[in-house]
There are 2 protein chains.
Amino acid sequence: MARLPVYLRALNSLADAGTTTCSSEHLAGAAGVNSAKLRKDLSHLGSYGTRGVGYDVEYLRYQIAREIGQTHDWPVVIVGIGNLGHALANYSGFSSRGFRTVALLDADPARTGQVVAGTEIRPFGDLAGIVSEHGVAIGVIAAPASAAQDVADAMVAAGIRSILNFAPAVLAVPEEVDVRKVDLSIELQILAYHEQRKSGLDGAEAI
Amino acid sequence: MARLPVYLRALNSLADAGTTTCSSEHLAGAAGVNSAKLRKDLSHLGSYGTRGVGYDVEYLRYQIAREIGQTHDWPVVIVGIGNLGHALANYSGFSSRGFRTVALLDADPARTGQVVAGTEIRPFGDLAGIVSEHGVAIGVIAAPASAAQDVADAMVAAGIRSILNFAPAVLAVPEEVDVRKVDLSIELQILAYHEQRKSGLDGAEAI
DNA sequence: GCGTGTGAAAACCTTCACAGCT
DNA sequence: AGCTGTGAAGGTTTTCACACGC
């Protein structure tokens, strides 16, 4: 369920604030969802709450972390160390959530050897070796759209089965490979769409 | 509808490849969705296709661009020029899709004055002035989670009605303000969740 | 009394399948 | 013949509302 990480994050802030017990209402507020939905979601994992009382923050936190695999350390490679790859390599949210960036790769020879976030950029050709050496299961594509399919193919060939794709391209991959796409400009476009609706539509009506 | 920008991007690649007419099947393939869904979505905008023939790429492209407001130029401000803000400021996908970054703001005095992507970083306090001067309707928050709510409050006070939030925080804003959240690490966590499912779950079952 | 867990209802989204136009 | 536009079917998610346990 795609909302579990959000709940986990909300639980973490509650725990940091010293809260030890919370109601579904309270947690739902912190996570930005409605409380019935939260209870349905949690009931799907098991009965971790106490009727009349609520949820134990620490206990629930552990249960969700286990459910979504945050007890592991997931080795990750990032391919394409341009602006975005740079930002991702430095992004603390990855390391603090059980993701370890084991390698940064780039096809551009001018970039290999540079050190970013304490890791040296290596040539793209090293991918297969790194994947098998570290048991990498997740790859991040931050390369330009034109290169994205090649990168994905190489990742699949190297044995990666989960890909997070930041390139604005639709990837063709085998059935068993999971791809999630994040497109920064699409989010902005969606906002612009709503914005246009709000401020008197300019000729966009259908008759 | 959140898929229109995807269709538009697919149409652009088709146009670049010299295609002048396409079937729903063809376009759906390029956009990574199924053709019935694509036809439903497009039929919601109007009848822009021709039965027995398909869609005219250029015409449909214009219709979608108009629908989602890509005929405008949307002035945007980015607040928080750390690694991510840096990457966003340099991201070509914004400018090429009708978004013009009119200002980069950061609360840290050490950063103000630096030039990123050809734009000088200005102090956060300049926000209100910039918003009214350029008629900014969309704000991007790339600040740390702890500052996100303050930034959002200032944006709302300055008159911004649409916010793209990259900080891992739930924002409280007035009803009429639109917030979209992008959380880079949540996407990775979702992949890790599926990955764990695939490779024999480790003690995560109920009972 | 309070708040979880959960059937049942409602809303929503996707897919099917075909009538109707070119 | 071929492909769009769309009602109807099917599936999934969200919400409601309340029985049950603390």
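We use all heavy atoms of the structure for the numbers below, so side chains are in, but hydrogens, waters and symmetry mates are not.
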TODO: Measure from OH on A/Tyr48 to C1' on D/dG21 and round the result to the nearest Å.
DONE: 19 Å

Task: Near-strand residues of residues 18-30 of chain B, defined as heavy-atom separation under 4.0 angstrom from DNA chain D - done: B/Ser23, B/Ser24

Open item on the list: Distance check needed: D/dT14 P versus A/Leu42 CG, whole Å only.
Closed with: 14 Å

Open item on the list: Can a donor-acceptor pair be found, under 3.5 Å and without considering hydrogens, that links the side chain of A/Asn165 to the backbone of A/Ala169?
Closed with: yes

TODO: Determine whether the side chains of B/Tyr7 and B/Asp41 contain a donor N or O and an acceptor N or O closer than 3.5 Å.
DONE: yes

- [ ] Check whether any side-chain nitrogen or oxygen of B/Tyr55 sits under 4.0 Å from OP1 or OP2 of D/dG5, and answer yes or no.
- [x] yes

TODO: Could you check how far CE of A/Met1 sits from P of D/dT13, rounded to whole Å?
DONE: 6 Å

Open item on the list: Working note: A/Phe94 + A/Leu88, criterion side-chain contact (heavy atoms from CB on, under 4.5 Å); need CA distance, chi angles, decisive distance, verdict.
Closed with: CA-CA 8 Å; A/Phe94 287 172; A/Leu88 295 174; 3.9 Å; yes

- [ ] Figure out the NZ/P separation between B/Lys37 and C/dA17, and round it to whole Å.
- [x] 17 Å

Open item on the list: Please report the distance, rounded to the nearest Å, between CZ in A/Arg3 and C1' in D/dT13.
Closed with: 8 Å

Open item on the list: Between C1' on C/dT4 and CG on A/Asp41, what's the gap in Å once rounded to a whole number?
Closed with: 14 Å

Open item on the list: Expressed as a whole number of angstroms, how long is the span from A/Lys40:NZ to C/dT4:P?
Closed with: 14 Å

Open item on the list: Taking the ring centre of each residue, are B/Tyr59 and B/Tyr62 less than 6.0 Å apart?
Closed with: no

Task: Salt bridge present between B/Glu176 and B/Arg161 (N-O < 4.0 angstrom) - done: no

Task: Whole-Å gap separating C1' (C/dC13) and CZ (B/Arg39) - done: 16 Å

Open item on the list: A/Ile138 vs A/Phe99, test: side-chain contact (heavy atoms from CB on, under 4.5 Å). Steps then yes/no.
Closed with: CA-CA 9 Å; A/Ile138 301 179; A/Phe99 299 100; 4.1 Å; yes

Task: A/Ala36 or A/Gly52, whichever maps to the more 5' nucleotide of DNA chain C - done: A/Gly52

